[in-house]
Amino acid sequence: QQMTEREIPPEVDLAQRFEEEAQDPAMQAYLISLGIDPNYIAPTDDDRRVVISEFQIVFRDHDIPVTINVESPEDLENAKHNPMIVKEGCHFKIRLSFRVQHNVVLGLKLTNTIYASLGAKLASDTEMLGTYPPKEEFQFVEIPRVGWNEAPKGAISRGQYKAKCKFIDDDGVSHLTFEYLMK
């Protein structure tokens, strides 16, 4: 039996869907309960489905996060060359600021891969962020959602690391890929 590639269903226009369900208050209430705003208007000057504005490292023991802006090509280029400083043994989380626009994004996930300075892959983690309807406001997600990550410590863990971050959805659409440095 030959396996075939999964077909992506056609997109549903959300405004049209609300119009079709105008006579069914239960269906409209259901759509709203899913977080879909019947008054949402998609931007006409930005065709991206997911807009990620910031990637932050937040520390448990001090208030000042390290921020990578990822909205412009210049921001992405800066992230490749200006390392974020993470103290050894500290406890931290990743905080993302993003917005979904135009239509629902199913199964948005983040894959973060860390490489040693010589290019050897040290770790790769994929975190399911969830399914999101379009909104005008930015949303925030922290990873891990519970608890904290601990940075490596000891002489052997010192140095500079390169990381590659990818945002992909269940349809296989890549919304953003960028590289950053950590020390």
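Just so you know, these numbers come straight off a predicted model, no measurement behind them.
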Could you check Arg49 against Asn103 for side chain to side chain contact (heavy atoms under 4.5 Å, CB included), going step by step and ending with a plain yes or no?
-> CA-CA 7 Å; Arg49 179 68 63 82; Asn103 215 324; 3.8 Å; yes
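- By the 4.5 Å heavy-atom criterion applied to side chains, Gln101 and Arg48 are counted as neighbours.
- Look at Arg99 and Glu136 and you find no salt bridge, because none of the NZ, NE, NH1 or NH2 atoms lies under 4.0 Å from a carboxylate O.
- Under the 4.5 Å side-chain heavy-atom criterion for Ile, Leu, Val, Met, Phe, Trp and Tyr, Val86 and Leu122 are members of the same hydrophobic cluster.
- Put simply, CD1 on Ile168 and CG on Leu108 are 9.5 Å apart, with the number rounded to the nearest 0.5 Å.
- Residues Ile68 and Leu176 share a single hydrophobic cluster, defined by chaining ILVMFWY side chains whose heavy atoms lie under 4.5 Å apart.
- At least one side-chain heavy atom of Leu106 sits under 4.5 Å from a side-chain heavy atom of Val104.
- To the nearest 0.5 Å, the span separating NZ on Lys162 from CD1 on Ile114 amounts to 11.5 Å.
- Across every non-hydrogen atom of Gly35 and Pro133, the tightest pair is O-CG, 3.2 Å.
- A donor-acceptor pair under 3.5 Å is formed between the side chain of Asp75 and the backbone N or O of Ser72.
- Under the 4.5 Å side-chain contact rule for hydrophobic residues, Phe59 and Phe55 share a cluster.
- Looking at Ile143 and Leu96, their side chains come closer than 4.5 Å, going by heavy atoms from C-beta outward.
- Two residues are said to be in side-chain contact when any heavy atoms from C-beta on lie closer than 4.5 Å; Glu71 and Ser53 meet this criterion.
- A continuous path of hydrophobic side-chain contacts links Met182 to Val66 [ILVMFWY only; heavy atoms under 4.5 Å].
- Linking Ile, Leu, Val, Met, Phe, Trp and Tyr residues whenever their side-chain heavy atoms come within less than 4.5 Å leaves Ile57 and Trp148 in two separate clusters.
- Residue Ile41 qualifies as open at atom CD1: its count of foreign heavy atoms under 6.0 Å is 12 or below.
- Counting only heavy atoms from C-beta outward, the side chains of Ser174 and Thr177 approach each other to under 4.5 Å.
- You'll find the ring centres of Phe98 and Tyr132 inside the 6.0 Å limit.
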What's the verdict on side chain to side chain contact (heavy atoms under 4.5 Å, CB included) for Thr126 and Leu110, showing C-alpha distance, side-chain angles and the deciding distance?
-> CA-CA 6 Å; Thr126 298; Leu110 162 70; over 6 Å; no
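- Between Leu181 and Gln160 there is a side-chain heavy-atom pair separated by less than 4.5 Å.
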Go through the steps to decide whether Phe167 and Ile52 satisfy the test side chain to side chain contact (heavy atoms under 4.5 Å, CB included), and finish with yes or no.
-> CA-CA 9 Å; Phe167 293 87; Ile52 296 134; 3.5 Å; yes
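- We find the CD-NZ distance between Glu142 and Lys93 to be 5.0 Å, quoted to the nearest 0.5 Å.
- Atoms NZ and CG, on Lys166 and Asn112 in that order, are 11.0 Å from each other to the nearest 0.5 Å.
- Taking each heavy atom of Tyr30 and Ser33 in turn, the nearest pair found is O-OG, 2.6 Å.
- Asp170 CG to Thr131 OG1: the interatomic distance, rounded to the nearest 0.5 Å, is 6.5 Å.
- Crowding of Phe138 atom CZ: a count of heavy atoms from other residues, nucleotides or ligands under 6.0 Å exceeding 12.
- Residue-environment remark: NZ (Lys109) exceeds the threshold of 12 foreign heavy atoms within 6.0 Å.
- Taking the six-membered ring where tryptophan is involved, the planes of Phe178 and Tyr180 are tilted, since the angle between them lies from 30° to 60°.
- Under the 3.5 Å distance criterion, the side-chain polar atoms of Asp171 are left unmatched by any main-chain donor or acceptor of Val173.
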Intermediate values then yes/no, side chain to side chain contact (heavy atoms under 4.5 Å, CB included), Leu76 and Val70 | CA-CA 6 Å; Leu76 298 177; Val70 292; 3.8 Å; yes
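- His102 contributes a side-chain N or O that, together with a main-chain N or O of Asp46, makes up a donor-acceptor pair within less than 3.5 Å.
- Using a 4.5 Å cut-off on side-chain heavy atoms (C-beta onward), Thr111 and Ser124 make contact.
- Residues Asp169 and His175 bring a donor and an acceptor atom of their side chains to less than 3.5 Å of each other.
- Looking only at atom types and distance, the side chain of Gln56 has a donor-acceptor partner in the side chain of Thr67 under 3.5 Å away.
- Annotation: side chain of Glu150 is not in contact with side chain of Cys90 (no heavy-atom distance under 4.5 Å).
- Ring centroid separation for the pair Tyr161 and Tyr115 does not come in under the 6.0 Å cut-off.
- Note that CD of Glu88 is 13.5 Å distant from NZ of Lys183, once rounded to the nearest 0.5 Å.
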